[in-house]
Amino acid sequence: MSELNKIALKIISNGKGILAADESNGTMTKRLEAVNVASTPENRLSFRETLFSSESMKAYIGGVILYDETINQKTSFGKSIPDLISSSGALPGIKVDAGAKNLANSSEEKITEGLDGLRERLKKYYELGARFTKWRGVYIISHRYPSRIAINSNAHALARYSALVQESKMVPIVEPEVLMDGDHSANLCLKKTSEVIKKCFDELILHKVDLSGIILKPNMILSGNKSSDKISSEEVSQKTLECLKNSVPKEVPGIAFLSGGQSEIEATKNLNLINQNNNTNFIMTFSFGRALQQNALRVWSKNDKDIELTQKTFNHRAKMCSLAAQGKWSNEFENK
Ligand code: 13P
């Protein structure tokens with residue numbers, strides 16, 4: 001078993017998943033302003049430190065993805081954030097892409113930047129304690145998108161990123177996110193997501209990436225958020241499994257889904273059914289941002305001094321996600 005494979009398995013095995021707390025300052029500002037909190041470095045740290053010191057980190061969270069600002073911050077007790085995360089047994093990770101920019105000659109679409117100077121930045125992040133990384137490619141669905149340009153160029157970037165990350169002895173999370181924005185059907189999402197993921201693996205293989213030392217972070221197969229044709233959670237799980245079974249090479253140890261704008265319960269319910277119906281050898285877990293933090297953020301924003309209540313809210317959510325990652329969740333547990 002390679003060292004990279006061991007790291008990947010440590011993050012996602014035994015019902016553990018990933019806390020995606022790597023919102024850029026721009027995104028975090030939107031999240032904080034939505035709950036009437038000023039987006040200062042101190043407030044961003046205070047919320048995140050509250051989550052990272054929660055009891056549930058030990059049992060349910062195998063890795064935390066950080067943003068550059070956070071990996072360089074220290075807690076109010078003077079401990080570095082990566083040390084705080086490691087002390088709970090989880091691994092610190094880092095978002096290393098520089099964000100999605102308009103794609104030339106297909107300007108409604110995006111290409112993720114950040115390859116220049118990446119090797120040097122990776123070295124620095126490793127020294128700070130990071131053992132895995134994240135890069136997100138983002139795609140839109142419409143009758144003509146995602147275009148071949150977007151599919152090919154983002155796959156190429158994800159592969160070059162992954163090769164550099166493995167060279168730096170860290171596990172790359174490969175995140176091709178097909179957005180749920182739009183009125184498209186779930187079948188179109190299935191078709192387009194499958195195309196996107198297959199192209200990513202073509203490029204990863206071409207770039208000699210060790211597939212046993214990556215984690216795939218895809219979207220679930222859903223109908224568009226403006227579609228009148230919603231499908232059931234059972235269908236979400238069937239279509240998601242169909243997509244992954246047909247497009248992910250068997251060497252990949254695990255898949256950690258993004259929540260992508262689903263509510264906490266929706267994302268949990270879907271993940272649970274994916275695991276109950278899982279007819280693959282892949283570990284299927286969570287790498288949620290909003291679906292792990294939404295309620296905790298709301299509670300914290302009302303009284304940031306009430307650390308206990310914020311942590312209680314987060315602990316509950318992390319536990320529910322972990323149960324879903326084992327196919328053991330039930331709606332009854334939500335109100336306990
Ligand atoms: P959401 O779960 O809120 O989609 O965030 C996950 C993530 O890391 C997006 O890049």
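Residue numbers run from 1 in the order of the sequence given. For clarity, every value in this text was computed on a predicted model and none was experimentally measured.
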Regarding N315 and Y60, do their side chains bring together a donor and an acceptor under 3.5 Å, going by distance alone? no

Quick one: does any side-chain atom of S322 pair with a main-chain N or O of G15 as donor and acceptor, under 3.5 Å? yes

N72 versus L128: any side-chain heavy-atom pair under 4.5 Å? yes

Rounded distance (nearest 0.5 Å) linking atom OG of S259 with atom CD of Q293: 9.0 Å

Using a distance-only test with no angle check, is there a side-chain donor-acceptor pair under 3.5 angstrom linking Q262 and N270? yes

Sidechain-backbone polar pair: S106 side chain, L103 backbone, donor-acceptor under 3.5 Å: no

Using a 3.5 Å distance criterion without hydrogens, assess whether the side chain of E175 forms a donor-acceptor pair with backbone atoms of P218. no

Mind listing the closest non-hydrogen atom pair of N187 and K239 along with its distance? OD1-NZ, 2.8 Å

Could you check whether atom CG of N105 has more than 12 heavy atoms from other residues, nucleotides or ligands sitting under 6.0 Å from it? no

When you check the gap from the basic side-chain N to the acidic O, do K134 and D22 get nearer than 4.0 Å? yes

Can you measure from CG (L244) to CE (M220) and round to the nearest 0.5 angstrom? 10.0 Å

For the backbone of L84 and the side chain of S87, can you confirm whether one donor and one acceptor N or O come within less than 3.5 Å of each other? yes

Considering only NZ, NE, NH1 and NH2 on the basic side and carboxylate oxygens on the acidic side, decide whether K30 and E33 come within less than 4.0 Å. no

Are there more than 12 heavy atoms of other residues, nucleotides or ligands under 6.0 Å from atom CG of N279? yes

Within a strict 4.5 Å, meaning less than it, do heavy atoms of the L32 and R44 side chains meet? yes

Distance-minimising heavy-atom pair for T29 and N25: OG1-O, 2.6 Å

Pair K79 + E49: basic N to acidic O under 4.0 Å: no

Under a 4.0 Å threshold between the charged nitrogen and the carboxylate oxygen, would E120 count as salt-bridged to K124? no

Quick one: does any side-chain atom of E203 pair with a main-chain N or O of K199 as donor and acceptor, under 3.5 Å? no

Are the side chains of K16 and I61 in touch, meaning some heavy atoms are under 4.5 Å apart? no

Salt-bridge test for K269 and E334: reply yes if a basic N is under 4.0 Å from a carboxylate O, no otherwise. no

Exercise: do Y139 and E177 side chains pair donor with acceptor under 3.5 Å: no

Using modelled atom types and a 3.5 Å cut-off, is there a donor and acceptor pairing between side-chain atoms of N154 and backbone atoms of G137? no

Please check if the number of heavy atoms outside K58 that lie under 6.0 Å from its NZ is greater than 12. no

Given the rule in the ring-ring contact (aromatic ring centres under 6.0 Å, His included) test, do H184 and H143 qualify, once you have shown the distances and angles that lead to the verdict? CA-CA 8 Å; H184 53 268; H143 62 286; over 10 Å; no

Just checking, any donor-acceptor pair under 3.5 angstrom between side chains of S147 and E109? yes

Side-chain donor/acceptor of N219 to backbone N/O of V178, under 3.5 Å: yes

Is there a side-chain contact between V174 and I215 (heavy atoms, below 4.5 Å)? no

Nearest heavy-atom contact between P82 and P92 is O-CG, 3.7 Å

Distance-minimising heavy-atom pair for S142 and L188: O-CD2, 4.4 Å

Does the distance from a Lys or Arg side-chain N to an Asp or Glu carboxylate O, for K198 and E195, drop under 4.0 Å? no

Please determine, by modelled atom types, if T280 and N278 share a side-chain donor-acceptor pair under 3.5 angstrom. yes

Quick one about E234 and N277 (side-chain donor to acceptor, distance below 3.5 Å, no hydrogens or angles considered), yes or no? yes

Any side-chain to backbone donor/acceptor pair from Y161 onto V96? Under 3.5 Å, distance only. no

Quick one: are N272 and L323 in side-chain contact, heavy atoms under 4.5 Å? no

